[in-house]
Amino acid sequence: MTDASPTPLPPPTQNAALLAWVAECVRLCQPDTLHWCDGSEDEKAALIAGMLADGSLHPLHAARFPGCYLHRSNPNDVARVEQVTFICSELEADAGPTNNWMSPADARAKLTPLFDGCMRGRTLYVIPYVMGPVGSPLSKIGVEITDSAYVALSMRTMTRVGTAALEQLGANGEFVPGLHSIGELDPARRFVCHFPDERLIWSYGSGYGGNALLGKKCFALRIASAMAQGEGWMAEHMLLLELTDPQGAKTYFAGAFPSACGKTNLAMLIPPPALATQGWQVRTIGDDIAWMHVGTDGRLWAINPEAGFFGVAPGTSHQTNPNALATTERNTLFTNVAVTDDGLPWWEGIGWEPETNAFLTDWKGNRRPFSDQSEPFAHPNSRFTAPAAQCPCLSPHWEDPQGVPISGILFGGRRNTTVPLVLEAFSWQHGVFLGATMASRTTAAAAGATGVLRRDPFAMLPFCGYHMGDYFAHWLQMGLRIPRPPAVFQVNWFRKDADGSYLWPGYGENLRALIWMNERIAGRGSAVNTPVGLVPSPGDLHLAGLDVPADRVAAALQVRTEEWGQEIPDIKEHFARFGERLPRELRGELAALEQRLRD
Ligand code: GTP
Ligand code: SPV
Ligand code: MN
């Protein structure tokens, strides 16, 4: 299995391009050992044993969390790093105003010395993986080279790794190469570079999630979005869910929400009892990324390219998301959560409190009494890495090779004010305007300040691999290419009252918004025509069993013209950044919105 140079075993592929690239990376990084990952159980056991021995994994309570481990990342390396994430297109103009740009030549010149010899004394893992169901015509192959056993272990859960990927690749197939080294974990020597023209990824100096698991944001969003633009499909930061009505009819929704803004929770929603009794059900297809193609039937079809969930731990409880808790009871890698002396993973908002005199070890590895509340025990961006197949509410269609047909697209975010609980766009083009102008408060998923309101178009601000203005144009184009386009909605579970409390209970209760959207799609539900879109009146929502005062429901749904008026100057500033590349249709939508607000 492990292949000690200088007498290596024959490599497990005949793919000449792959062999050449691996040889080039070996020459550059000079690892002591080369290991081709095959995805076997033996390999998993060996990875875990090695990490337990070197202290990078900690066992958890073996009976209550079988096959589960805790990993603590370097405290300087706990989230995505947008400031050092680069799109290395030939022309700066093609990266656009929302991305950091470096020329491909400069990126190579800067990173080559970092990679030079960086794996001395380490193992180089070659991880062939499939994004999407194995054998699906919509799936794609990536190969990650890394010196991190944590990455090698995580990729097994998040993607389909090993022999299956090499078989699908074959001798002549194409793959997206990604070279990764944790380097010295020095923030000053940390870069995540994407070469969209070559479809190549180089990531150095971080071992964390989206910076290091290159199949996820680097390939499945940044590189894939650039591929999709050229090829007429879409790669989006979206959950995928299946809604079943009391008659058994299924409707599929895709939803874009910025990082740590509710995709996992919505995808795993449990209906409130009054609606569950009537037969409403939600099943999960995916919780973070969707690849969508126009089907021969004229609908938009979506696959989840991932095989696992890299989900936010804090706030996950039996109240909010019991399905996520059940998914993470076994074979789960927890990163930067706290742990009790008994070996139970713990985080803020888990729904139970240790004894006041109990001790916990926090995410940095410091053991302190639970009564010491000076700082959080779990990092706010602590996460679980768990196999999708363990999710109790996983849809039987989650691996359908052709995907699932999408009838509704949701755009959501964290807005204290202005955006109502739910509204429907007047048209696809108006829906693109809603996506292009959506804003949300920043979260701990990326390094930097949290709680700052920023425009995050389509929840893709950190993930669009090319010029965002061209991306808007691509969305408009797709509308013309989808004969039966999904309806588009905007949602906001995070609106607050004057005292700063959420107006809407969220989580399972969000089903009520989904049911209204479902009725609109079916041509049944009624709505009020407002300047910003079609909004339900409280009477249009299915509110049976909801324990919220009527005036709060009304406030959550309210469209206040003066609040929307205040958006206009900011939207203008936002649009101005895209210059010539802002599609004129969006300028038109803005003018139409201003006119409707004046009327
Ligand atoms: P990424 O994995 O970063 O892309 O995030 P995500 O969009 O999947 O976010 P996730 O569902 O993990 O939610 C992040 C945080 O928002 C968690 O702490 C949740 O508890 C909280 N959250 C999710 N849905 C709701 C909701 O409906 N209402 C409120 N108040 N909080 C929510
Ligand atoms: C996000 O930040 O949107 C995530 C986590 O889903 S990461 O994989 O780190 O990007
Ligand atoms: Mn995400």
Side-chain angles (χ1 to χ4, degrees), residues 73 77-82 85 151 154-155 158 192 203 206-222 236-241 255-270 284 286-290 306 308-321 323-325 328 335-336 347-351 378-385 410-416 421-422 440-448 450 456 459-463 491-496 500-514 556:
S73 70
D77 185 32
V78 293
R80 284 182 296 99
V81 282
E82 296 177 3
T85 297
V151 168
S154 299
M155 286 294 283
M158 296 308 297
V192 186
S203 170
S206 167
Y208 192 81
N211 307 324
L213 309 176
L214 303 186
K216 198 171 175 58
K217 299 301 165 67
C218 300
F219 176 6
L221 288 179
R222 298 195 191 95
E236 301 296 335
H237 191 205
M238 288 180 171
L239 70 95
L240 295 169
L241 71 79
F257 298 67
S259 303
C261 290
K263 291 183 297 302
T264 304
N265 279 269
L266 188 64
M268 298 183 188
L269 177 157
I270 293 190
T284 310
D287 83 327
D288 198 45
I289 299 177
E306 301 191 279
F309 308 126
F310 183 57
V312 176
T316 306
S317 72
H318 274 294
Q319 280 302 310
T320 59
N321 193 349
N323 283 319
L325 283 190
T328 55
T335 301
N336 295 338
W347 50 78
E348 281 69 22
I350 197 173
H379 189 276
N381 190 39
S382 53
R383 298 220 170 213
F384 52 79
T385 307
L410 282 61
F411 297 125
R414 293 178 180 263
R415 292 296 305 258
N416 290 349
L421 181 69
V422 56
S440 188
R441 298 201 172 270
T442 52
T443 65
T450 60
D456 186 347
M460 284 288 279
L461 181 69
F463 307 121
V491 301
N492 180 19
W493 320 140
F494 298 92
R495 198 171 190 178
K496 290 179 175 171
S501 306
Y502 290 124
L503 283 165
W504 181 251
Y507 301 106
E509 303 295 352
N510 295 335
L511 177 60
R512 301 176 194 278
L514 279 175

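Atoms within a ligand are numbered from 1 in the order they appear, just like the ligands themselves.
Excluding waters, the set of protein N, O or S atoms lying under 2.8 Å from the Mn ion (ligand 3) comprises Lys217 NZ, His237 NE2, Asp288 OD1.
At a heavy-atom distance under 4.0 Å, no atom of Glu509 approaches ligand 1.
Residues forming a side chain to side chain donor-acceptor pair (under 3.5 Å) with Ser154 (at least two apart in sequence, or on another chain): none. Looking at residues two or more places apart in sequence or on another chain, you find a side chain to side chain donor-acceptor pair (under 3.5 Å) between Lys263 and His237.
Close contacts between ligand 1 and His237 involve ligand atoms 4 (O) [criterion: under 4.0 Å to a heavy atom]. Every atom of ligand 1 is numbered from 1 in the order shown, and the set under 4.0 Å from a heavy atom of Gly315 is 18 (O), 20 (O). Annotation for ligand 1: atoms under 4.0 Å from non-hydrogen atoms of Cys261 are 6 (P), 7 (O), 9 (O). Within ligand 1, counting atoms from 1 as listed, the ones closer than 4.0 Å to a heavy atom of Tyr502 are 30 (N). If you number the atoms of ligand 1 from 1 as listed, the ones under 4.0 Å from a heavy atom of Pro314 come out as 17 (C), 18 (O).
The shortest non-hydrogen separation linking Ala260 to Val312 is CB-CG2, 4.1 Å.
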_Stepwise side-chain hydrogen bond (donor to acceptor under 3.5 Å, both in side chains) check, Asn510 with Trp504_ = CA-CA 9 Å; Asn510 295 335; Trp504 181 251; 2.9 Å; yes
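Nearest protein neighbour of atom 16 (O) of ligand 1, counting heavy atoms only, is Arg414 NH2, 2.9 Å. Counting protein heavy atoms only, atom 6 (P) of ligand 1 is closest to Lys263 N, 3.4 Å. Shortest contact from atom 11 (O) of ligand 1 to any protein heavy atom: Asn265 ND2, 2.8 Å.
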Any protein N/O atoms within less than 3.5 Å of an N/O atom in ligand 2? List the atom names and distances, or say none.
from	atom 1	to	atom 2	distance (Å)
ligand 2	2 (O)	Arg80	NE	2.8
ligand 2	2 (O)	Arg80	NH2	3.2
ligand 2	2 (O)	Ser259	OG	3.1
ligand 2	3 (O)	Lys217	NZ	2.5
ligand 2	3 (O)	His237	NE2	3.3
ligand 2	3 (O)	Ser259	OG	2.5
ligand 2	6 (O)	Lys217	NZ	2.7
ligand 2	6 (O)	Asp288	OD1	3.4
ligand 2	6 (O)	Asp288	OD2	3.4
ligand 2	8 (O)	Gly210	N	3.3
ligand 2	9 (O)	Gly210	N	2.8
ligand 2	10 (O)	Arg80	NE	3.2
ligand 2	10 (O)	Lys217	NZ	3.1

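Note on ligand 1: Pro258 sits in its first shell, one or more heavy atoms being nearer than 4.0 Å.
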